[in-house]
Each structure stands twice: as structure tokens, then as C-alpha cells.
A.B. asks: 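Structure below; questions to follow.
In this chain, numbering begins with 1 at the start of the sequence shown.
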Amino acid sequence: MTPLQVRLVQDSFSAVMAQRAEASVVFYRRLFAVAPDMRRLFSGDQSRKALQVLTTIVDNLDQLGLLLDSVEYLAQRHASLGVREHHYALVGQALIETLRECLGERFTRETERAWGYAYTILSGRMVRAELDGRRLAA
């Protein structure tokens, strides 16, 4: 990612975190509308943990290489909870829609592209790690 893309993601995330409660409601409403089966994955403490992971990822986007190495463990953890390949696209869709709704005009095309790029890279690595883990287990 370019330094500008990293800054766009981090700045927009900071703006959304200023309205964290509203953003959380929007995100889960959107996610569960398209994937009601994911409710079980975000029960109890999982929602808080998901936000912590996202915050850590956004905070460290400028060290993308290190992040990519660490998301393999995260993918294995997600797989053990029942997360499957198709879930990543649904979460990405809900995330972008949440950012668009919560940020309004501040969520520019350039910011959306930066988020899309970051999410595609990270979720792609996680999907590959999950699929590799299943192949090894078989």
C-alpha cells in the first residue's frame, strides 16, 4: 500500500471510531442482513475482539509485510470458529457499506479504493491460509 492509502484508511477509521457505537450497530445490521448465519460468530465477546483486531490491523498498515505474516494465525483461529472463505467477502461488503454510511461525503472514492485494496490483500492472505490449513488437515 502507498503511504497515502495507509493514511486514508487510518484517518477514516479514526473518524468512524469517534462514532464507534453507531458504526457497530450499522456494521452488524448490514452483516447479519446478508449473512444471518454469522450471528453465532459474533456472539458474546467476539464483537469486542473483532474490533480490537481491526484496530491493530489499521494501526499497523504501514507494516503490511509483518501484518501479512501474522494474519495466517488469525485465519487459523477464524477457521476454528467456523469462518469460511465466503464470509470474508460478506464482512468486506458490510465494512465498506458501514464506512460509507457513517462517513458520508468524507468517504471519498479514493478512500474506498484504499480500504478495498487493504481488505483484499489481508482477506486474500487469510483465505489462502485457511484453505492451506484445510488441505494439510485432509
Side-chain angles (χ1 to χ4, degrees):
M1 293 185 68
T2 68
L4 175 60
Q5 289 172 317
V6 169
R7 186 174 54 77
L8 288 170
V9 169
Q10 289 174 337
D11 289 352
S12 59
F13 187 69
S14 291
V16 167
M17 291 306 289
Q19 50 183 322
R20 178 178 311 147
E22 177 189 347
S24 181
V25 168
V26 171
F27 174 78
Y28 289 112
R29 183 184 72 229
R30 290 185 174 280
L31 180 61
F32 299 152
V34 295
D37 64 310
M38 291 190 75
R39 281 186 191 275
R40 65 180 171 70
L41 300 173
F42 288 97
S43 62
D45 203 32
Q46 292 302 325
S47 296
R48 184 184 58 77
K49 288 179 182 178
L51 181 58
Q52 287 174 336
V53 167
L54 182 59
T55 300
T56 299
I57 288 171
V58 169
D59 287 348
N60 293 286
L61 272 180
D62 57 337
Q63 300 174 39
L64 190 57
L66 294 174
L67 276 177
L68 291 175
D69 291 340
S70 67
V71 297
E72 291 187 12
Y73 168 78
L74 188 58
Q76 293 167 359
R77 175 80 177 115
H78 283 143
S80 74
L81 295 172
V83 175
R84 295 296 174 251
E85 182 177 355
H86 70 280
H87 290 132
Y88 290 96
L90 298 172
V91 168
Q93 174 186 340
L95 177 62
I96 294 296
E97 290 172 356
T98 299
L99 292 163
R100 186 180 296 120
E101 182 174 331
C102 291
L103 294 173
E105 291 179 4
R106 293 177 293 169
F107 193 60
T108 64
R109 285 186 188 174
E110 193 172 31
T111 302
E112 182 172 351
R113 279 192 297 268
W115 270 99
Y117 185 64
Y119 190 82
T120 298
I121 291 170
L122 291 162
S123 65
R125 176 65 69 95
M126 292 178 75
V127 166
R128 281 191 302 280
E130 189 253 325
L131 293 174
D132 288 346
R134 276 198 271 157
R135 275 189 284 257
L136 290 174

A.B. asks: Determine, using the 4.5 Å side-chain heavy-atom cutoff (strictly less than), whether Val16 and Ile57 are members of one ILVMFWY cluster.
C.D. replies: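 The answer is yes; both residues are in one hydrophobic cluster.
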A.B. asks: What closest approach, in Å, do Ala118 and Met1 show between heavy atoms, and which atom pair accounts for it?
C.D. replies: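 Reported closest heavy-atom pair: CB-SD, 3.5 Å.
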A.B. asks: Measure across Gln5 and Ala114 and return the closest heavy-atom pair with its distance rounded to 0.1 Å.
C.D. replies: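 Result for this residue pair: O-CB, 3.7 Å.
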A.B. asks: Considering all heavy atoms of both residues, which atom of Leu90 and which atom of Ala35 are nearest to each other, and what is their separation?
C.D. replies: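 Scanning both residues completely, I find the closest heavy atoms to be CD1-CB, 3.6 Å.
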A.B. asks: So which heavy atom on Arg20 is nearest to which on Met17, and how close?
C.D. replies: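 For Arg20 and Met17, the tightest heavy-atom pair comes out as NE-CE, 2.8 Å.
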A.B. asks: Is there a path from Val53 to Tyr28 through hydrophobic residues (I, L, V, M, F, W, Y) whose side chains come within less than 4.5 Å of each other?
C.D. replies: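 Both belong to a single hydrophobic cluster.
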A.B. asks: Determine, stepwise, if the pair Val58 / Trp115 fulfils side-chain contact (heavy atoms from CB on, under 4.5 Å).
C.D. replies: CA-CA 10 Å; Val58 169; Trp115 270 99; 3.9 Å; yes
A.B. asks: Looking at CG of Leu4 and CG of Asp11, how far apart are the two atoms once the value is rounded to the nearest 0.5 Å?
C.D. replies: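 Reported value, rounded in 0.5 Å steps: 9.5 Å.
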A.B. asks: Could you tell me whether the side chain of Leu122 reaches within less than 4.5 Å of the side chain of Leu64, counting heavy atoms only?
C.D. replies: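 Yes, side chains in contact.
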A.B. asks: Looking at Tyr117, I'd like to know if its OH atom is crowded, meaning that more than 12 non-hydrogen atoms belonging to other residues, nucleotides or ligands lie closer than 6.0 Å.
C.D. replies: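 No, the 6.0 Å shell around OH holds no more than 12 heavy atoms from other groups.
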A.B. asks: Roughly how far, to the nearest 0.5 Å, is CG of Leu95 from CG of Leu54?
C.D. replies: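 Answer for the CG-CG pair, Leu54 versus Leu95, is 6.5 Å.
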A.B. asks: Measure the spacing between OG1 of Thr2 and CZ of Arg7 and express it to the nearest 0.5 Å.
C.D. replies: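 So the gap between those two atoms works out to 9.5 Å.
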A.B. asks: Between Ile121 and Met126, is there shared hydrophobic-cluster membership here, with clusters defined by ILVMFWY side-chain heavy atoms closer than 4.5 Å?
C.D. replies: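 Ile121 clusters together with Met126.
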A.B. asks: Side-chain contact test, heavy atoms from C-beta onward, threshold under 4.5 Å: evaluate it for Phe13 versus Leu99 and give yes or no.
C.D. replies: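 The answer is no; the side chains never approach within 4.5 Å.
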A.B. asks: Report the C-alpha separation of Asp37 and His87 in whole Å, then their side-chain angles, then the decisive distance to 0.1 Å, and conclude whether the side-chain contact (heavy atoms from CB on, under 4.5 Å) test is met.
C.D. replies: CA-CA 10 Å; Asp37 64 310; His87 290 132; 3.2 Å; yes
A.B. asks: Which value, rounded to the nearest 0.5 Å, describes the distance between Ser12 atom OG and Arg100 atom CZ?
C.D. replies: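 Reported value, rounded in 0.5 Å steps: 12.5 Å.
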A.B. asks: Is a donor on one side and an acceptor on the other found under 3.5 Å between the side chain of Thr111 and the backbone of Phe107?
C.D. replies: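 Flag not set: sc Thr111 to bb Phe107 has no pair under 3.5 Å.
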A.B. asks: Taking atom CG of Asn60 and atom CG of Asp62, what is their separation to the nearest 0.5 Å?
C.D. replies: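 Taking CG in Asn60 and CG in Asp62, the distance rounds to 6.5 Å.
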A.B. asks: Is a donor on one side and an acceptor on the other found under 3.5 Å between the side chain of Tyr88 and the backbone of Tyr119?
C.D. replies: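 No, because the side chain of Tyr88 does not come within donor-acceptor range (under 3.5 Å) of the backbone of Tyr119.
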A.B. asks: To the nearest 0.5 Å, how far apart are CE in Met38 and NE2 in His86?
C.D. replies: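 Met38 atom CE to His86 atom NE2 measures 7.5 Å (nearest 0.5 Å).
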A.B. asks: When you compare the side chain of Ser24 with that of Leu51, does any pair of heavy atoms fall below 4.5 Å?
C.D. replies: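 Not touching, per the 4.5 Å side-chain cut-off.
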A.B. asks: Is there side-chain contact between Thr55 and Gln52, with heavy atoms separated by less than 4.5 Å?
C.D. replies: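 Contact flag for Thr55/Gln52 side chains = no.
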A.B. asks: Give a yes or no on whether Phe27 and Val34 share a hydrophobic cluster (residues Ile, Leu, Val, Met, Phe, Trp, Tyr; joining criterion: side-chain heavy atoms under 4.5 Å apart).
C.D. replies: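 Cluster IDs for Phe27 and Val34 match.
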A.B. asks: Taking all heavy atoms of Ala23 and all of Cys102, pick out the closest pair and write down the distance.
C.D. replies: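 Here Ala23 and Cys102 meet closest at CA-SG, 3.7 Å.
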